[in-house]
Structure formats: C-alpha cells, structure tokens
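Order of appearance sets the numbers: ligands from 1, and atoms from 1 within every ligand. Remember, predicted model here, so these are calculated numbers, not experimental data.
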Amino acid sequence: MAVLTPDALGPTVCVGEILVEIVATTIGEGFRAAQPLTGPYPSGAPAIFIDQCGRIGGSAAMIGAVGRDDFGAVNLDRLRRDGVDVSAVSEDADFPTGSAFVRYRADGSRDFVYNIATSAAARFGLSDAVRALIDRAGHLHVMGTALSMPAARSVIEYAAPRIRARGGSLSVDPNLRKELARDAETEVLFKRLIALSDLLLPSGDELERAAGITGQDAAITRLFEMGVKEIALKQGASGATVFTPDAKPVHHPGFRVEERDPTGAGDCFGGAYVACRRLGLSIPDALRYGNAAGARNVTVLGPMEGAGTRAELDAFIAKQEGSA
Ligand code: ATP
Ligand code: MG
C-alpha cells in the first residue's frame, strides 16, 4: 500500500506561519546597525513547503493568516500563482502580516528577528473555511516551526485525527529552530505527531531528537517501531537519504550548485517530495525531485524564489546530470 494517500483524496494541507522575509545583503552579525536589505519575499516554512508542493503540480492548500496589507498580498499572490488553494487563509484587518529579518554570519549560521507571535501570522483558528478544508483534505503536513504558535497547534490537533479518519496520511518536518522555544506541552504534542506520521522529513540532529534516542541507526529503528513508514533525511549539500523498514536505504548525493541563500531548501525539498509521493512517483524519483527542488532553491536569493515547476526541475536535472 502507498505510504501517502494519493492526491485524489484531497489536497495536501499545511498549517502555520505566513511571513515576509527581509534579507540582509551583507554577511555579518545581526541587525544592530543600519545596513542594506532586500525584500519583501514571501516566506514562512509552512508557506514555502506548500508553495513548492503546488508549484510542482501537487494538490495543495494552506491554513494561516496574513494582514490586509501589501506584505499579505505578496504572499497571497504567490501562493495563488503557484496553484495553492488559499480559501482557508484569512486576512486580518487589525494586525500586520508577520515578518522575519534574516542575516547570514560568516560561518553560514543565521540571525533572525521575527515578528510572528504578535502579527496576523499567529491569529487564525477553526473558522468555517478551515473546517471545510480539513473535511476534504487528503494529507496533512506538519511543520515544526508552526508548533510554537497556539493557533497552529489547535488547528493541527483538530486536523490530524480527522484527516487520518477519512483515510488521509500525515508527514512531519521537525524543523527545530533555536529562536523558537517550545514548552513541555508542545513537546508532548510533537512526540504524538511523530508517532502518528507516515513520513518524517528531518535534517541533522532532528532525527535523533524526534526519536528521543541517540545514534542514527537506533533512532531510525525506534521511529519505525513508533509507526513511521518512511524517513527522508535531508543532508544539505550532500543530498538526502530515504529509509524504509523493509528495504535498503536510497541515497541521492545531491546536485552541485553554487549556494546563494540556503533558506527554504528543506521546505522546498519537503514540498516536492510529498507532492511526488502523493502523485505516485517511486522513492528514487521523488528523492531526485526533492533534491532538485532544494538545490535549485538555494541558488536564488529569497526563501521560495527558486521553487520549481516540474518542467523547471526537469530542465535543472537534465542540465545537472548532463554536465556531471
Ligand atoms: P532548512 O534550513 O530550510 O530547514 P533543512 O536543514 O531542513 O533546511 P537541508 O538538508 O539544508 O534541509 O536542505 C534540504 C535539501 O536541499 C537537501 O537534502 C538537498 O537536497 C538540498 N540542498 C540544500 N543545500 C544544498 C546545497 N548547498 N547544494 C545542493 N543541494 C542542497
Ligand atoms: Mg528543516
């Protein structure tokens, strides 16, 4: 049986922060001095994920909120352009669209200044439009960053069992961020969602943190015992590896590109991988598209500016493999 439910059951739904991102154009430490900036770019990990999912041709829908301002329009226009159903994205008349300022350090790490909790991004809930979407959803993708928002937590807690009950599937990208602290209650929910998920998309030490155990092999074994059926481990420039309980791991070494802006790579990988699996592609084929989506996105400044259509990713792959 397929690990993820096909698109025919209903769209892949992602819940959480919709932001604009303002990017510092110089490398350095944070934002304590005036400096050149560029943006606004549409952003927010869940929004990047769902944008890539729709852009590659998957059935995709978003739950969240923007302000009734230009930053909100930047996001709604992009999501609509890429085929994402935004019927469950609300427009807040009183609060501005959420934002994230990001600046890279020389060692590649990032400093963020977020305005999420006190923005429109955090102000949504179980509206009629949100319930209606959940009632026709085929898959739920949970983005770890969203779990720091009470609004997203309550929608995800409502949606997960319902989408499951109608035969839908679930994926989780832990996406742990040092700037987004979590309380004990959220950790419990995170663990519960991991145990409910069919597909896990961790990177780095998120694999071990999701399993609650150290050592890669032990973590993978534990996650399969918990009921996870497929693990796509993202490995940055080294590509990604997919683990399943009954077969050998499948590795794709990743495409060689010049990295201009790593933000959004994991989200684009996930959006493409989930869409492809739901469209019936095999693990190796979905992995190739996931890697291509992540790699293509890092070549472009802006968190989702490099998200690719299937034709764009085919062209990217052909060029890469031709020149290898
Ligand atoms: P994020 O910081 O967006 O959460 P992540 O840590 O979840 O990212 P990464 O492993 O950094 O995920 O990137 C996801 C995928 O994107 C990788 O598995 C790889 O396929 C591709 N990718 C990322 N960086 C590069 C790179 N420099 N060169 C080629 N491919 C890359
Ligand atoms: Mg990530």
Side-chain angles (χ1 to χ4, degrees), residues 14 16-17 19 21 23 41-53 56 100 102-105 107-112 114 141-148 171-180 199-210 216 230-243 249-277 283-308 313 316-317 319-321 323-324:
C14 197
E17 67 279 11
L19 312 172
E21 191 152 312
V23 186
Y41 294 110
S43 188
I48 302 168
F49 169 93
I50 207 68
D51 188 73
Q52 175 63 85
C53 182
I56 200 173
V102 60
R103 189 181 193 189
Y104 288 94
R105 294 185 178 209
D107 66 2
S109 64
R110 292 172 276 195
D111 284 310
F112 291 98
Y114 287 124
H141 178 76
V142 175
M143 192 54 91
T145 54
L147 296 179
S148 58
S171 52
V172 176
D173 179 343
N175 226 347
L176 305 168
R177 289 275 183 273
K178 66 177 178 358
E179 287 85 355
L180 299 174
L199 167 67
L200 192 66
L201 299 128
S203 67
D205 68 352
E206 291 169 356
L207 175 70
E208 295 171 39
R209 290 183 60 183
Q216 178 169 302
E230 194 167 307
I231 301 169
L233 180 64
K234 294 169 280 177
Q235 298 159 312
S238 307
T241 308
V242 177
F243 301 88
V250 182
H251 176 70
H252 188 288
F255 296 101
R256 244 184 287 154
V257 293
E258 194 191 329
E259 184 177 288
R260 225 167 259 144
D261 180 1
T263 301
D267 312 324
C268 282
F269 175 97
Y273 189 82
V274 168
C276 287
R277 294 293 282 143
I283 288 174
D285 288 345
L287 184 54
R288 189 179 301 108
Y289 278 117
N291 270 321
R296 186 176 190 273
N297 196 57
V298 305
T299 64
V300 184
L301 186 68
M304 66 167 90
E305 299 310 298
L313 295 178
F316 174 87
I317 292 167
K319 195 162 154 233
Q320 289 280 331
E321 291 181 346
S323 64

Provide the number and element of each atom of ligand 1 under 4.0 Å from a heavy atom of [X].
| X | answer |
| --- | --- |
| N175 | 4 (O) |
| S203 | 5 (P), 6 (O), 7 (O) |
| F255 | 28 (N), 29 (C), 30 (N) |
| A240 | 18 (O) |
| G294 | 16 (O), 21 (C) |
| G264 | 3 (O) |
| V257 | 28 (N), 29 (C) |
| G266 | 1 (P), 3 (O), 5 (P), 7 (O), 8 (O), 12 (O), 13 (O), 14 (C) |

(request) Report the relative orientation of the aromatic rings in H141 and F49; use parallel for angles under 30°, tilted for 30 to 60°, perpendicular for over 60°. (result)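 It falls in the parallel class, under 30°.
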(message) Using heavy-atom distances only, which candidate in P262, G254, G236 approaches atom 11 (O) of ligand 1 most closely?
(response)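 Of the listed residues, G236 has the closest heavy atom.
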(request) Using heavy-atom distances, let me know which of G108, A237, A295, G239 sits nearest atom 18 (O) of ligand 1. (result)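 Residue with the shortest heavy-atom distance to the ligand atom: G239.
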(message) Any donor-acceptor pair under 3.5 Å linking the side-chain atoms of N175 with those of D267?
(response)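 Distance-only check passes for D267 and N175.
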Does any N/O atom on [X] come nearer than 3.5 Å to any N/O atom on ligand 1?
| X | result |
| --- | --- |
| R110 | yes |
| D267 | no |
| K234 | yes |

(message) I'd like to know if R260 pairs up with E305 as an ion pair, taking the criterion as any Lys NZ or Arg NE/NH1/NH2 lying under 4.0 Å from an Asp or Glu carboxylate oxygen.
(response)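 Salt bridge: no.
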(request) Decide whether the shortest distance between a heavy atom of M143 and an atom of ligand 1 is less than 4.0 Å. (result)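 Under 4.0 Å: no for M143.
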